[in-house]
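Chain letters run A, B, ... following the sequence lines, proteins first, then strands; residues in each count from 1.
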Amino acid sequence: MRRIYIHDTLSGEKREFRPVHEGRVGMYVCGPTTYDYAHVGHARVAIMFDVFRRFLEYLGYDVLLVSNITDIDDKIINKARERGMDPIEMAHYYAREYLRDMDSLRVRRANVIPKATRHMEEIISLIQRIMDNGYAYESGGDVYFSVEKFSGYGKLSHRRIEEMMAGARIEVNEKKRNPLDFALWKAAKEGEPSWPSPWGPGRPGWHIECSAMSMRYIGETLDIHGGGADLIFPHHENEIAQSEAATGKPFVNYWMHVGLVRFESEKMSKSIGNVFLIRDLVKKYPPEAIRLMFLNSHYRKPYEFSEKNLAESMHLFEKISTVYQRLLKNSSGEPSCEVCDEYENKILDALSDDFNTRAAMAHYLEFIGLARNMEGGEAKGAVEFLRRMDEIFDILPRKRDEGLDEKLMSLILEIRARMRSERRYDIADWIRDTLGELGIKIEDTKEGTKWYRV
RNA sequence: GGGCAGGUGGCAGAGAGGUUAUGCGCGGGACUGCAGAUCCCGUUUACUCGGGUUCGAAUCCCGACCUGCCCUCCA
C-alpha cells in the first residue's frame with residue numbers, strides 16, 4: 001500500500017501513517033454542539049475529513065469514521081431557555097438540520113454518528129474508571145478531573161500547567177481543588193435535563209463524551225482524531241488526560257486539526273456573529289463550488305472566506321464541468337489514456353503528503369487543461385479517470401437521466417437555430433437566457449450549438 | 001504575559017536549497033449576429049525586513065516587525 005504521511009499536532013511532526021490494525025483506520029472527528037444551523041466553519045471540517053476518509057478508502061483502507069453530535073451542554077440549555085424550547089428536542093432538531101446541510105455539500109455520512117445523551121452508560125462507567133484510578137474526585141455532586149495528577153497534561157497544546165495558571169482567566173469555583181480542574185460530571189440544577197448517576201442526578205461535562213464514545217466504537221487507541229483547531233485546548237487536551245488516565249494507553253496516534261475559517265480577518269464563529277450559513281450559501285452556489293473552495297486551500301492553514309473566493313471556485317467548477325461534459329460527448333471505443341495514469345500518480349502523491357489537497361488540485365486542473373481536446377478512446381479514459389478521482393473529491397456535476405432531456409433540448413435548440421437564421425435574435429437570446437436561468441448553458445460553436453448543465 | 005500557525009506576483013494559494021506551481025484577473029489576437037466558451041500571445045527581476053550558513057536560499061539558522069488563533073463556550 002502507498003505510504004502516506006500525516007502531520008500530527010501532538011508531536012508537531014509529519015510522520016508516516018501506520019494504523020493500529022493493518023489495513024484498517026479508526027477515525028474520530030468532533031462534530032458540532034447543535035443549538036444553531038451549520039456555518040462555513042463546520043463545513044470546512046466536515047468536507048476536509050470527508051475527503052481524507054474517501055482518500056484512505058480509495059487506497060484500500062477499511063475506514064471506520066465516527067463523528068459525534070453534542071446534544072447536551074450549557075450552551076444548549078441556555079439557548080433553549082431563551083427560546084422557550086425543550087433543550088434535548090431543540091438539540092435534536094439542529095442535529096438533523098446539520099446532517100442535512102452536510103448532505104447538501106455531498107459530505108458522506110460517518111459510519112457512526114453518536115449522541116451524548118444516548119451514551120450515558122459508557123460515560124458514567126468511564127468516569128468511574130478514572131475515579132478508581134485516582135485521577136478524579138467528587139465534590140458536591142460534581143466530578144472533577146484532577147489536572148495535577150496527570151503528568152502529561154498540556155502535551156497537546158504544548159504548554160505547562162504553570163503557564164496556564166499565569167495568564168489565565170479561569171472561573172472561580174469553590175468545588176474545584178485546582179482552578180484548572182475540569183468537570184467530568186455536573187450536578188443538575190433546578191429544571192435542567194439530568195440522568196441518574198452514582199454521584200446523583202446530573203449530566204456529563206463536554207469533554208468526557210468524546211472519550212467515551214470514541215472508545216466505545218473504535219477502541220482505546222484511535223488512529224486519527226480530528227476537529228477544528230479551536231478544539232486543541234481545552235477540549236482535546238482534556239480528552240487525552242481523561243482517556244489516558246482511564247486506560248493507561250496512548251489515546252490517539254495522529255491528531256489532525258483543521259484551520260479556522262475567518263471572515264474579514266476575524267474568526268468566523270457563532271459568538272462573534274459573522275457566520276455564513278450553509279443553507280444560505282447552497283441557494284446561491286452549487287455544492288461542488290463550495291467543496292472546491294476548501295480543496296483549494298491547505299487544511300491546516302486558516303482560511304479567509306469571502307464571496308469573491310467562492311465566486312472564483314464557482315468559475316472553476318464551470319470550467320471542470322464544461323470539459324467533463326465535452327469529454328462525455330467525445331468519448332468512444334476502448335478507453336486509453338496514458339497521461340491519466342501519470343496524473344493519477346501525481347494527485348495521489350500530493351494527497352499522501354499530509355492530504356495536500358491544494359497541490360492535488362493543481363495537478364487536477366492541469367489535467368483538465370490537457371483534457372479539453374481529447375477524443376475517442378482517450379476521452380473515454382479521461383472520463384473514467386475523472387470519475388475515479390471523484391470517488392475522493394466529489395466535484396463533478398451530477399449525472400442525470402439524459403434520454404428525454406436530449407430530445408427536448410435538440411428540439412429547443414432547433415427552434416433557436418431557425419430563429420437565428422431568420423435573424424430573430426430577440427427570440428434566440430430569450431431562449432438562451434431562459435435556459436440559463438434553468439441551469440442549462442448553451443454555446444454556439446463551429447460544430448453547432450452545445451449545451452450542458454451548470 | 002505564555003503557546004501555536006502564518007507573512008509568496010493585481011488577487012487566491014502551493015512549494016521548501018539549484019529547474020514554468022496552479023487558478024483567477026487583466027491586456028492583445030483568432031472565432032462569433034452578439035454573448036459565452038475555446039485556442040494563441042503577453043502580464044519583463046513574487047517570495048515581510050535585517051544578519052548569517054552555502055558554490056547557490058522564498059526554502060536552513062539567528063534576530064526584528066506584522067497578522068491570526070488558543071489560553072473562557074466555539075468546527
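The distance from atom CD1 of A:Ile368 to atom C1' of B:rU38 is 15 Å, rounded to the nearest whole Å. A:His257 places its NE2 atom 13 Å from the C1' atom of B:rA5, with the value rounded to the nearest Å. One can place NZ of A:Lys346 at 10 Å from P of B:rU22, the figure rounded to the nearest angstrom. In this entry the distance linking CG of A:Leu156 with P of B:rC69 reads 20 Å, nearest Å.
One P atom belongs to B:rG7, the other to B:rU20, and the distance between them is 22 Å to the nearest Å. Using C1' as the reference atom, B:rA37 and B:rC31 are 11 Å apart when rounded to the nearest Å. Nucleotides B:rA46 and B:rA5 have their C1' atoms positioned 22 Å apart, rounded to a whole Å. Rounded to a whole angstrom, the distance from the C1' atom of B:rG51 to that of B:rG10 is 31 Å. Of the C1' atoms belonging to B:rC66 and B:rG25, the separation is 27 Å, rounded to the nearest Å. The separation of B:rU19 from B:rA58, taken at their C1' atoms, amounts to 15 Å, rounded to a whole angstrom. Using C1' as the reference atom, B:rC39 and B:rU32 are 14 Å apart when rounded to the nearest Å.
In the model, A:His315 has no side-chain atom that pairs as donor or acceptor with a side-chain atom of A:Glu318 under 3.5 Å. When only modelled atom types and interatomic distance are considered, A:Tyr299 and A:Asp354 share a side-chain donor-acceptor pair under 3.5 Å.
Using a 4.0 Å heavy-atom distance criterion, A:Gly227 is classed as a sugar-phosphate-only contact. The residue A:Gly12 sits apart from the nucleic acid: no heavy atom pair falls under 4.0 Å. A:Ala359 comes within 4.0 angstrom of sugar-phosphate atoms only, judged by non-hydrogen atoms across all strands, and of no base. At a threshold of 4.0 angstrom between heavy atoms, the contacts of A:Leu316 are confined to the sugar-phosphate backbone, with no base atom among them.
In plain terms, the two heavy atoms of A:Thr357 and A:Ser297 that are nearest each other are OG1-O, 3.2 Å. Residues A:Ser211 and A:Gln242 approach most closely at OG-OE1, 2.8 Å, considering heavy atoms. Across every non-hydrogen atom of A:Pro193 and A:Ile77, the tightest pair is CD-CD1, 4.1 Å.
Of the candidate nucleotides B:rA14, B:rA75, B:rC69, B:rC69 has the atom nearest to the side chain of A:Glu266. Listed nucleotides: B:rG6, B:rA75, B:rG68. Nearest to the side chain of A:Arg262: B:rG68. In this structure, of B:rU38, B:rA75, B:rC71, it is B:rC71 that holds the atom nearest to the side chain of A:Arg159. Listed nucleotides B:rU38, B:rG6, B:rA21 differ in distance to A:Arg358; the shortest reach to its side chain belongs to B:rA21. Distance from the side chain of A:Pro234 is smallest to B:rC73 among B:rC73, B:rG23, B:rG6.
With sequence neighbours left out, A:Phe263 forms a ring-ring contact (aromatic ring centres under 6.0 Å, His included) with A:Phe276.
Checking each of A:Arg53, A:Arg388, A:Arg54, A:Arg291 against A:Asp394 for a salt bridge (charged side-chain N to carboxylate O under 4.0 Å, His left out) leaves exactly one that passes, namely A:Arg54.
The aromatic rings of A:Phe294 and A:Tyr303 lie perpendicular to each other, with more than 60° between the two planes, well past the 30° mark. Ring geometry for A:His207 against A:His235 counts as tilted: the plane angle lies between 30° and 60°, on a 0 to 90° scale. Relative ring orientation between A:His42 and A:His39 is described as tilted, the plane-to-plane angle lying within the 30° to 60° band.
Side-chain nitrogen and oxygen atoms of A:Lys301 include at least one within less than 4.0 Å of the OP1 or OP2 phosphate oxygen of B:rA14. Using a 4.0 Å cut-off, some side-chain N or O of A:Lys267 falls inside it from OP1 or OP2 of B:rC70. The side chain of A:Asn356 places an N or O atom within less than 4.0 Å of a non-bridging phosphate oxygen (OP1 or OP2) of B:rG15. Considering only side-chain N and O atoms, A:His158 lies nowhere under 4.0 angstrom from the phosphate OP1 or OP2 of B:rG3. A sub-4.0 Å separation between OP1 or OP2 of B:rA12 and a side-chain N or O of A:Ser306 is absent.
Figure legend: A:Arg15 and A:Tyr254 shown as a cation-pi pair, the cationic atom lying under 6.0 angstrom from the six-membered ring centre and within 45 degrees of its axis.
Taking the nucleotide of RNA chain B with the nearest heavy atom to each of A:Lys308 and A:Asp73, the more 5' of the two is matched to A:Lys308. Residue-to-nucleotide proximity on RNA chain B shows that, of A:Phe233 and A:Gly228, the 5′-proximal contact is made by A:Phe233.
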Worksheet item: If pairs are Watson-Crick or G-U with both distances under 3.5 Å, what is the dot-bracket string of RNA chain B, marking crossing pairs with [ ] and pairs to another strand with |?
Response: (((((((..(((.....[...)))((((((.......))))))....(((((..]....))))))))))))....

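Put simply, the side chain of A:Lys75 and the base of B:rC73 share a donor and an acceptor less than 3.5 Å apart.
The 12-atom threshold is not exceeded at CZ of A:Arg160, counting heavy atoms of other residues, nucleotides or ligands nearer than 6.0 Å.
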Worksheet item: Could you run down nucleotides 26-37 of chain B 5' to 3' and tag each one B, S or - for protein heavy-atom contact under 4.0 Å?
Response: -------BBBBS

